[in-house]
Asks: 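Sending over a structure as structure tokens; questions will come in a sec.
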Amino acid sequence: MKFNLLLSFLLFYAINLTAQITTQWGPDGFVKIENGSGGMMAALEPGDRFSRDHDQAGDINGDGIIDLVIGARSDDDGATDAGALYIAFLNRDGTVQSNQKISMLEGGFNETLVENNFFGYGVAGIGDYDNDGIPDIAASAPSRINNALYIIFLNRDGTVKSFVKNLVTVGQGLTAIGDINNDGRIDLVACDPNSDLGGTNKGAIDILFLDESGQVLTNNTVTISSESGGFGTGLEDNDKFGGREVAMLGDIDNDGTLEMAVGAFTSDGGKGAIWILSLNSTTFNVESKLKITEGLNGFSDVLTTGANPNGSQGANFGHALCKVGDLNGDGVPDLMTGANQQNEGWGYILYLNADKTVKTYTRMNNTEGGFGFSLTAEDRFSRSISFLGDLRGDGTIAVNYGAGAGAGSAGALYLLFFKPCEFTQQAGLNHWNRGNTLFTNWSHPTQMLTSDSLTFEQCTFKAFETNAPYLTYNFNDGRCICKDSTATLTASTELSTAFINECSNFITSDINDLNPKNQAIVYPNPTYSELFVEIDQTSFRDDDRVRLFSIFGNQLHSSNINSNQTKIDLSNYPTGIYILVATVNGISETFKVFKE
């Protein structure tokens, strides 16, 4: 009975978003990975385009920590711009413990590349394709002379065991989209923004299905462009539909179709756009679509126009995309993207509605988002994005952002951490009075907004940026006031609501401090199939158990914990969010698990 009460409390605490507690995901620091920084030791040179694409590659070396594959498509090993990629073995804090280069000259990749081959232009983690217990990767080399998609089978040390070369598609970007045809293998999308299908540089994507050997099943490939795959009208010449990555969102509107976000980063005069495609779950052709750009379908930010130093035009919104799960607790998965030519490059979190429109958005750049970046003018932050998951094993998530495209730079990767932050609503209608104001968009003397109305998500990010412990928000007019710890709670006559930001450094009360932990870690998270629970102890009791629950509290799995590592097979569970509870010595820890 005691355990059931504790479990009910933990599930309620982790899942339910009530009027008293609202959870928003906010910044929790970053690691910059580049040559000689963040543990990355490689002979990178200016112009290598390191981090042009990247992806989580699973636990390659078997140490229980997710590893990365990072492209460097203009590396000069063997020939100018022949290309290369790196396997980065990570520490839990996001730094690199070691790295292995794969090129024409290193890593056992016995392939002849040519000048301007751009091997590593697109990379993706594809799981264990050859069933040897080691995750494998995919990499593209989109040269007209030697165009190929490589499925690379790895050794534990990150070197190449063998590879399969597919001469079937152009991939200026690759995305692993999970197993959408349910054949037990992860599927890929190859992006070709320069495709002339239907017009000049209109762009296209190929949905690729592979057999167990890594060969592309060409007869099953689904091409989506302005003249194929059911897309229909909407694309113009030079839109560059396809971008560099897509994001498979799943069935967010619960109508039986699969939603996929695809960028068209030079549309609308270079401002850029994102298309949300609803794909038939059998044919994967487009059944409906929705365009997101400045002033359309809920996205209201102003995107830049005009010439850029590298010769491109406009903000290039939608150049890269990444699904990141539900970051504002409304039950709909959200989307990270960027406008990599907007000033130093801006990252965006797009909070989506179930109808695929944008509910609201927040920005990440040198002055906004709470990370404290020092990006240079031509860094092109957000030129590539990938989801890493719970790298630290503490309930946070990590997302990778590529940058460092300026002159003289070899390229850089920013590994961003986001943590769930609770905003505790104070009973009744109240506001924080007196104290020092850290941010406000409201004038009390005039009783008017001094700048744009903010959504609640945007207001919480102002609290993150200013480390404000106290937040006043008005859901009627969008006023947002962040106060320091000297403020006092006062009854509101203007229908405002007062919140405590539990993530602020000035707030010391934390439920996690009140309960001892088992120091359990759960990985990989997200997962396509197997999930591992590791406990930092050697003796166990008969009542030590691991249990898996749906988000509605239904128990789906239960098994004993009798060793340091417990495996749970999620391959037959639907894509979605689950709650895992590990109980050892009467102490329970709760984890949110993402099944891709």
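For the numbers below, each heavy atom of this structure counts, side chains included, while hydrogens, waters and symmetry mates do not.
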Asks: A cation-pi test, strictly: NZ or CZ of Arg392 under 6.0 Å from the centre of the six-membered ring of Phe417 and no more than 45 degrees from its axis. Yes or no?
Replies: yes
Asks: Give a yes or no on whether the backbone of Ile561 and the side-chain of Thr566 come within a donor-acceptor separation of less than 3.5 Å.
Replies: no
Asks: Regarding Ser143 and Asn147, is there a side-chain donor-to-acceptor distance under 3.5 Å anywhere?
Replies: no
Asks: Are the side chains of Val399 and Ile385 in touch, meaning some heavy atoms are under 4.5 Å apart?
Replies: yes
Asks: Taking the ring of Phe594 and the ring of Tyr578, is the distance between their centroids below 6.0 Å?
Replies: no
Asks: What heavy-atom pair brings Ile134 and Ile60 nearest, and what distance separates the two atoms?
Replies: CG2-O, 4.0 Å
Asks: What are the two closest non-hydrogen atoms of Pro193 and Gln172, and how far apart are they?
Replies: CG-OE1, 3.6 Å
Asks: Can you name the closest pair of heavy atoms from Gly411 and Arg383 and give their distance?
Replies: CA-NH2, 4.0 Å
Asks: Going by the rule side-chain hydrogen bond (donor to acceptor under 3.5 Å, both in side chains), which residues pair with Thr575 if we only count those two or more places apart in sequence or in a different chain?
Replies: none
Asks: Please identify which of these residues, Asp48, Asp77, Asp157, meets the salt bridge (Lys or Arg N to Asp or Glu O under 4.0 Å) condition with Lys101.
Replies: Asp77
Asks: Report the distance from atom CG of Asn285 to atom CD1 of Ile224, rounding to the nearest 0.5 Å.
Replies: 6.5 Å
Asks: Could you go through Asn400 and Ser386, starting from their C-alpha distance and side-chain angles, then the distance that decides it, and tell me whether this counts as side chain to side chain donor-acceptor pair (under 3.5 Å)?
Replies: CA-CA 5 Å; Asn400 304 304; Ser386 63; 3.0 Å; yes
Asks: Would you call Asp394 and Arg92 a salt bridge, using N to O less than 4.0 angstrom?
Replies: no
Asks: Would you please test Asn117 and Asp81 for side-chain contact (heavy atoms from CB on, under 4.5 Å) and show each step?
Replies: CA-CA 6 Å; Asn117 217 159; Asp81 291 339; over 6 Å; no
Asks: Mind running side-chain contact (heavy atoms from CB on, under 4.5 Å) on Thr159 and Gln100 for me, showing each step along the way?
Replies: CA-CA 7 Å; Thr159 59; Gln100 172 63 54; 3.8 Å; yes
Asks: Identify, with sequence neighbours excluded, every residue that meets side-chain hydrogen bond (donor to acceptor under 3.5 Å, both in side chains) alongside Tyr351.
Replies: Thr362
Asks: Can you confirm whether Ile151 sits close enough to Ile126 that some side-chain heavy atom of one is under 4.5 Å from a side-chain heavy atom of the other?
Replies: yes
Asks: So, the side chain of Ser140 versus the backbone of Gly171: is there a donor-acceptor pair under 3.5 Å, distance only?
Replies: yes
Asks: Judged by atom type as modelled, is there a donor-acceptor pair below 3.5 Å linking the side chain of Asp326 to the main-chain atoms of Gly331?
Replies: yes
Asks: Tell me if the aromatic rings of Phe373 and Phe381 count as close, with their centers under 6.0 Å from one another.
Replies: yes
Asks: Hey, does the side chain of Thr257 reach the backbone of Ser278 with a donor-acceptor pair shorter than 3.5 angstrom?
Replies: no
Asks: Quick one: does Leu321's side chain get under 4.5 Å of Thr337's, heavy atoms only?
Replies: yes
Asks: What is the minimum heavy-atom distance between Val593 and Asn525, and which atoms define it?
Replies: CA-OD1, 3.6 Å
Asks: Would you check if the side chain of Asn220 reaches a backbone N or O of Phe209 as a donor-acceptor pair within less than 3.5 Å?
Replies: no
Asks: Considering only heavy atoms from C-beta outward, does the side chain of Ile568 approach that of His557 to under 4.5 Å?
Replies: yes
Asks: So, does Asn155 use its side chain to make a donor-acceptor pair with the main chain of Gly158 at under 3.5 Å?
Replies: no
Asks: Would you compute the distance between atom CE of Met364 and atom CG of Leu375 and round it to the nearest 0.5 angstrom?
Replies: 11.0 Å
Asks: To the nearest 0.5 Å, what is the distance between CG (Asp187) and CG (Asp179)?
Replies: 5.5 Å
Asks: So, Asp253 and Lys356, do they make that salt bridge, N to O below 4.0 Å?
Replies: yes
Asks: Does NZ belonging to Lys161 count more than 12 external heavy atoms closer than 6.0 Å?
Replies: yes
Asks: Taking C-beta and beyond as the side chain, do Val164 and Gln215 meet within less than 4.5 Å on heavy atoms?
Replies: yes
Asks: Could you check if a side-chain atom of Leu149 sits within less than 4.5 angstrom of a side-chain atom of Val216, using non-hydrogen atoms only?
Replies: yes
Asks: With side chain to side chain donor-acceptor pair (under 3.5 Å) as the criterion, how do Asn316 and Lys240 come out once you've worked through the C-alpha distance, each side chain's angles and the decisive distance to 0.1 Å?
Replies: CA-CA 10 Å; Asn316 287 198; Lys240 296 197 174 182; over 6 Å; no
Asks: What is the distance from atom CD1 of Ile349 to atom CE of Met336, rounded to the nearest 0.5 Å?
Replies: 4.0 Å
Asks: Less than 3.5 Å apart, any donor N or O on the side chain of Glu245 or Thr175 sitting next to an acceptor on the other?
Replies: no
Asks: Just so I know, are the side chains of Tyr348 and Phe317 near enough to count as touching, which here means a heavy-atom distance under 4.5 Å?
Replies: yes
Asks: For Tyr414 and Phe30, take the angle between the two ring planes, folded into 0 to 90°, and tell me which bin it lands in: parallel under 30, tilted 30 to 60, perpendicular over 60.
Replies: tilted
Asks: Can you measure from CD1 (Ile205) to CG (Leu188) and round to the nearest 0.5 angstrom?
Replies: 12.0 Å
Asks: Any sub-3.5 Å donor-acceptor pair from Asp206's side-chain atoms to Ala190's backbone N or O?
Replies: no
Asks: Leu279 vs Ile207, test: side-chain contact (heavy atoms from CB on, under 4.5 Å). Steps then yes/no.
Replies: CA-CA 11 Å; Leu279 306 180; Ile207 303 176; 4.1 Å; yes
Asks: What I'd like to find out is whether the side chain of Phe241 reaches to under 4.5 Å of the side chain of Val262, using heavy atoms alone.
Replies: yes
Asks: Specify the closest pair of heavy atoms between Thr396 and Asp390, including all atoms of both residues, with the distance to one decimal.
Replies: O-OD1, 3.0 Å
Asks: Quick one: does any side-chain atom of Gln97 pair with a main-chain N or O of Leu90 as donor and acceptor, under 3.5 Å?
Replies: yes
Asks: Would you say the ring centers of Phe371 and Tyr401 fall short of 6.0 Å from each other?
Replies: no
Asks: Evaluate Phe118 against Ser74 for side-chain contact (heavy atoms from CB on, under 4.5 Å), listing each step before the verdict.
Replies: CA-CA 6 Å; Phe118 299 131; Ser74 292; 3.8 Å; yes
Asks: Judged by atom type as modelled, is there a donor-acceptor pair below 3.5 Å linking the side chain of Asp379 to the main-chain atoms of Ala403?
Replies: no
Asks: Working to the nearest 0.5 angstrom, can you tell me the gap between Arg49 CZ and Ser384 OG?
Replies: 11.0 Å
Asks: Classify the side-chain pair Ser382/His319 by whether it contains a donor and acceptor separated by less than 3.5 Å.
Replies: no
Asks: Shortest non-hydrogen contact from Asp334 to Leu352?
Replies: OD1-N, 3.1 Å
Asks: Is there a donor-acceptor pair under 3.5 Å between the side chain of Asn99 and the backbone N or O of Met41?
Replies: yes
Asks: May I ask you to check whether Arg545 and Ser558 show a side-chain donor-acceptor distance below 3.5 Å?
Replies: yes
Asks: Inspect the contact between Arg185 and Asp211 and indicate whether a charged nitrogen and a carboxylate oxygen are less than 4.0 angstrom apart.
Replies: no
Asks: Do the two ring centres, one from Phe109 and one from Phe163, sit under 6.0 Å apart?
Replies: yes
